[in-house]
Amino acid sequence: MNRLILCADDFAFSTDDSLVIAELLRSGKLNATSCMTLRPNWMEDSVMLRSVPQSAQIGLHLTLTEEAPIHPNGFTRDGLMPGIDPLTRLASRGQLDPAEITREVEAQFDRFEAAMGRPPAFVDGHQHSHALPGVRPIVLAITRRRAPDAWVRTCEDRLIGLLGRPWRGKAIGSAYHSRGLTRAVEAEGLHCNEGFAGHYGFDGRFAEALPRFLDHGGAEHLVMCHPGAGKRAGDVIAAARRDEADVLRAVSVSDMAAQRGLAFAA
């Protein structure tokens, strides 16, 4: 049977959000979370992960956009790294300094290991920035060296899955953004998820979108979500975080998965 990985992105986005994600992990509503280790509250928040099930996968959410970096770099403005669109333009033009990217990625790995005492179970990127040209080979080389048993997130999926997603255009766009990533990961001796979903409009319709995320699942079907408390100032998806948390508390993820031929082990 194909397996469902339901992953809450953005652990440590704020302590309030971390509390919600840890609660959902403990109650078996999630079986993975991806951690923003550059956040100033990360070390303190990481203590919450000691009480989640040992089967829960704890990964590194490499962050190169919209947050303050650990180390100063040439693409930070007014203390924050740019959004994904400006970063993508810089990457596509070869205007990112490989030494700066390497230093930041290494530092975020360092902070994960300092808190957790082990490498991450998987590696992905905030706004999927880990898949960008110029960033991708650095992330894969560091992951191979520091977390050789980890898997790496790809947004690639089968066409039938992409066409059935709630936000079809975004799903296809993210898959295009990740094109070739599975091959590159396998060339490094690592592996990826097989099947991906989670895009929707952050518009209060998570309950409607969630079952469709589980359709046409791959062998290691990854669904990203963003539950939380939605209290951090300036969070543009704050309301969606609260809605997702409420929906996950109310549904049986394992039953929903089983109806679609997916095993969900919390």
Side-chain angles (χ1 to χ4, degrees), residues 5 7-15 17-18 21-22 25 32-50 52 54 56-76 79-82 84 87 90-91 96-155 178 181-182 184-193 222 224:
I5 305 167
C7 178
D9 286 3
D10 301 349
F11 186 90
F13 183 74
S14 77
T15 295
D17 293 311
S18 296
I21 292 171
L25 285 165
T33 191
S34 190
C35 305
M36 303 176 80
T37 66
L38 84 176
R39 291 287 300 150
N41 48 294
W42 156 247
M43 290 298 291
E44 179 179 320
D45 289 8
S46 69
V47 175
M48 303 177 199
L49 298 174
R50 297 176 187 171
V52 306
Q54 289 189 349
Q57 297 192 63
I58 311 300
L60 174 58
H61 200 51
L62 288 169
T63 304
L64 300 172
T65 59
E66 299 184 346
E67 296 286 346
I70 296 172
H71 295 294
N73 59 56
F75 57 93
T76 295
L80 297 178
M81 293 179 283
I84 188 60
L87 188 71
L90 290 171
L96 295 175
D97 183 342
E100 290 182 343
I101 299 298
T102 297
R103 182 173 58 187
E104 186 64 27
V105 171
E106 294 274 17
Q108 293 184 30
F109 264 88
D110 287 343
R111 287 197 177 180
F112 186 97
E113 292 179 4
M116 302 303 296
R118 63 180 186 273
F122 62 92
V123 175
D124 59 36
H126 191 48
Q127 300 179 322
H128 314 302
S129 56
H130 68 298
L132 289 173
V135 176
R136 179 185 299 192
I138 292 170
V139 170
L140 297 188
I142 293 172
T143 301
R144 179 187 62 185
R145 175 168 51 83
R146 301 191 60 161
D149 295 325
W151 53 272
V152 178
R153 175 184 294 183
T154 182
C155 301
S178 289
L181 182 54
T182 298
V185 167
E186 290 175 349
E188 295 286 349
L190 303 166
H191 65 284
C192 286
N193 52 288
L222 173 62
M224 67 173 180

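Positions are given from 1 along the sequence. Bear in mind that the values here come from a model prediction, so they are computed numbers and not experimental data.
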Taking every non-hydrogen atom, the tightest pair across His61 and Asp10: NE2-OD1, 3.1 Å
Evaluate side-chain contact (heavy atoms from CB on, under 4.5 Å) for Asn73 paired with Asp97, printing each intermediate quantity in order. CA-CA 9 Å; Asn73 59 56; Asp97 183 342; over 6 Å; no
Using 0.5 Å steps for rounding, measure from the CD1 atom of Ile101 to the CD1 atom of Ile138. 6.0 Å
Please test Trp151 against Val185 for side-chain contact (heavy atoms from CB on, under 4.5 Å), starting from the C-alpha separation and ending with a verdict. CA-CA 9 Å; Trp151 53 272; Val185 167; over 6 Å; no
Closest heavy-atom contact between Val152 and Asn193? O-OD1, 3.4 Å
Nearest atoms (heavy-atom pairs only) where Cys192 meets Thr154: CB-CG2, 3.8 Å
Taking atom OG1 of Thr143 and atom CZ of Phe122, what is their separation to the nearest 0.5 Å? 12.0 Å
In terms of side-chain heavy atoms, does Asp9 have a donor or acceptor partner in Ser34 at a distance below 3.5 Å? no
Answer yes or no: is there a donor N or O on one side and an acceptor on the other, between the side chain of Glu100 and the main chain of Gly74, under 3.5 Å? yes
Heavy-atom distance under 4.5 Å between the side chains of Val123 and Leu140, does that happen here? no
Distance col, row His130:NE2 vs Leu62:CG, nearest 0.5 angstrom, shows 8.0 Å
Considering all heavy atoms of both residues, which atom of Ser18 and which atom of Ala12 are nearest to each other, and what is their separation? OG-N, 2.8 Å
CG of Leu64 to OG1 of Thr76: how many Å apart, nearest 0.5 Å? 9.5 Å
Return the CD1 to OG1 distance between Ile21 and Thr33, rounded to the nearest 0.5 Å. 4.5 Å
Run the numbers on Leu222 and Arg153 for side-chain contact (heavy atoms from CB on, under 4.5 Å), then give the verdict. CA-CA 8 Å; Leu222 173 62; Arg153 175 184 294 183; 3.4 Å; yes
Does Cys35 reach the side chain of Ile58, with side-chain heavy atoms less than 4.5 Å apart? yes
Ion pair present between Asp110 and Arg146, side-chain N to carboxylate O less than 4.0 angstrom? yes
Of Glu104, Glu106, Arg111, which is the lone residue that meets side-chain hydrogen bond (donor to acceptor under 3.5 Å, both in side chains) with Gln108? Glu104
Classify the ring geometry between Phe112 and Trp42 as parallel (under 30°), tilted (30 to 60°) or perpendicular (over 60°). parallel
Might you work through the side-chain contact (heavy atoms from CB on, under 4.5 Å) test for Leu25 and Leu49, ending with a clear yes or no? CA-CA 9 Å; Leu25 285 165; Leu49 298 174; 4.2 Å; yes
Closest non-hydrogen atom pair between Met43 and Ala115, with its separation: SD-CB, 3.6 Å
Taking every heavy atom of Leu90 against every heavy atom of Phe75, the minimum-distance pair comes out as CD1-CB, 3.9 Å
Quick check: do Met81 and Leu38 have side-chain heavy atoms less than 4.5 Å from each other? yes
In Å and rounded to the nearest 0.5 Å, what is the CD to CD distance from Glu66 to Gln127? 4.0 Å
